[in-house]
Amino acid sequence: MDAALQLSIISAHMDHISPAPSVSAVALERRDPFRILLSTLISLRTRDEVTLAASRRLFTFADTPEALAEADPDEIARLIYPCGFYTVKAERIRKISRIIRDEHRGAVPASFTGLLALPGVGRKTAALTLALGFQIPAVCVDIHVHRISNRLGWVSTHTPEETEYALMELLEQGRWMEVNEALVRFGQIICTPGRPRCSVCPLSDRCPKTGVTSSR
DNA sequence: AAAACGGGGGC
DNA sequence: GCCCCAGTTTT
């Protein structure tokens with residue numbers, strides 16, 4: 001059973017599980033790259049439900065680079081509280097808004113290099129923004145996707161970045177969105193780091209690591 | 001009380 | 001590569 005088939009099984013399985021309040025749910029309320037970028041930024045070190053609520057509060061207050069460039073960082077921080085790093089994130093949001101306003105004519109950059117140049121934006125955030133905001137092929141390799149890819153033997157890499165490149169080669173065109181949507185959620189709910197819920201995993205009989213109790 | 005959480009940045 | 005980062009939740 002190869003990676004492509006396993007990914008299909010995971011996708012199908014996650015589709016019929018109770019809907020998760022995923023970050024993409026917030027982001028996809030509108031196909032707005034700026035909202036998606038900010039939601040993804042806010043989601044760092046923060047549970048989905050908190051991210052969801054914080055994003056809604058922020059976007060009700062302001063959802064354009066022009067407005068947030070001039071917003072008081074303390075006000076932004078108050079809106080996104082109690083997300084982790086909320087003061088740091090508030091500063092980042094203002095800086096990013098200013099850069100987009102001043103250097104990109106108010107439009108979120110639609111390229112990896114453009115996004116990576118923004119403060120607080122790395123490969124994971126950039127990939128999600130490209131994939132969800134612009135429908136540009138990109139895999140979001142967060143800690144979950146990295147762990148699962150190694151657990152299932154799809155890749156044998158040691159950094160998320162290596163996994164990202166390996167997955168892009170391994171998967172056919174079009175599968176990147178399944179990674180971004182289903183695999184991330186699979187990692188949050190079932191194939192968790194410490195005590196994976198192998199009893200409800202559709203791949204448990206085929207997984208080389210069934211029953212693992214460590215993050216490897 | 002301590003560990004877990006998760007990505008980015010600086011060196 | 002390694003260490004640091006802030007604050008909430010889980011153990």
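Residue numbers begin at 1 in each chain, while the letters A, B, ... track the order of the sequences.
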Would you say [X] places a side-chain N or O within less than 4.0 Å of OP1 or OP2 belonging to [N]?
X: A:Thr125; N: B:dG8; answer: yes
X: A:Tyr86; N: C:dG7; answer: yes
X: A:Arg47; N: C:dT9; answer: yes
X: A:Tyr81; N: C:dT8; answer: yes

Identify whether any heavy atom of [X] sits under 4.0 Å from a base atom; if not, whether one sits that close to sugar-phosphate; answer base, sugar-phosphate or nothing.
X: A:Pro119; value: sugar-phosphate
X: A:Val50; value: nothing
X: A:Ile42; value: nothing
X: A:Leu44; value: base

Please report, rounded to the nearest Å, how far the [atom2] atom of [N] is from the [atom1] atom of [X].
X: A:Arg195; N: B:dA3; atom1: CZ; atom2: P; result: 18 Å
X: A:His146; N: B:dG6; atom1: NE2; atom2: P; result: 13 Å
X: A:Lys89; N: B:dG6; atom1: NZ; atom2: P; result: 12 Å
X: A:His144; N: B:dG7; atom1: NE2; atom2: C1'; result: 11 Å
X: A:Lys95; N: B:dG8; atom1: NZ; atom2: P; result: 16 Å
X: A:Ile80; N: C:dT8; atom1: CD1; atom2: C1'; result: 14 Å
X: A:Arg92; N: C:dA6; atom1: CZ; atom2: P; result: 11 Å
X: A:Glu91; N: C:dG7; atom1: CD; atom2: P; result: 13 Å

Item to check | First of A:Val121 and A:Phe85 reached from the 5' end of DNA chain B, by closest nucleotide | outcome: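 Nearer the 5' end of the strand: A:Phe85.
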Item to check | Shortest side-chain distance from A:Lys124, nucleotide among B:dG7, C:dT8, B:dG6 | outcome: B:dG7
Checklist entry - If you check every side-chain atom of A:Pro82, which of C:dT8, C:dG7, B:dG7 has the closest atom? => result C:dT8
Next on the checklist: With a sphere of 6.0 Å drawn around CD of A:Gln173, does it hold more than 12 non-hydrogen atoms of other residues, nucleotides or ligands?
Outcome noted: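 Counting neighbours around CD of A:Gln173, 12 or fewer heavy atoms of other residues, nucleotides or ligands fall under 6.0 Å, so no.
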Next on the checklist: Please give the distance between the P atoms of C:dT8 and B:dG9 as a whole number of Å.
Outcome noted: 23 Å
Next on the checklist: Please report the distance separating the P of B:dG6 from the corresponding atom of C:dT11, rounded so that it comes out in whole Å.
Outcome noted: 13 Å
Checklist entry - A:Cys140 pairs by side chain to side chain contact (heavy atoms under 4.5 Å, CB included) with which of A:Asn180, A:Thr129, A:Leu183? => result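 The side chain to side chain contact (heavy atoms under 4.5 Å, CB included) with A:Cys140 is passed solely by A:Asn180 among A:Asn180, A:Thr129, A:Leu183.
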Item to check | side-chain hydrogen bond (donor to acceptor under 3.5 Å, both in side chains) involving A:Arg47 - partner list, sequence neighbours excluded | outcome: A:Glu49
Item to check | Test log, rule side-chain contact (heavy atoms from CB on, under 4.5 Å), inputs A:Arg57 and A:Arg78 | outcome: CA-CA 10 Å; A:Arg57 283 194 300 274; A:Arg78 194 183 62 75; over 6 Å; no
Checklist entry - What residues form a ring pair (Phe, Tyr, Trp, His ring centres under 6.0 Å) with A:His13, not counting sequence neighbours? => result A:His16
Item to check | Stepwise side-chain contact (heavy atoms from CB on, under 4.5 Å) test for A:Gln188 and A:Asp48 | outcome: CA-CA 10 Å; A:Gln188 294 170 335; A:Asp48 281 350; 3.8 Å; yes
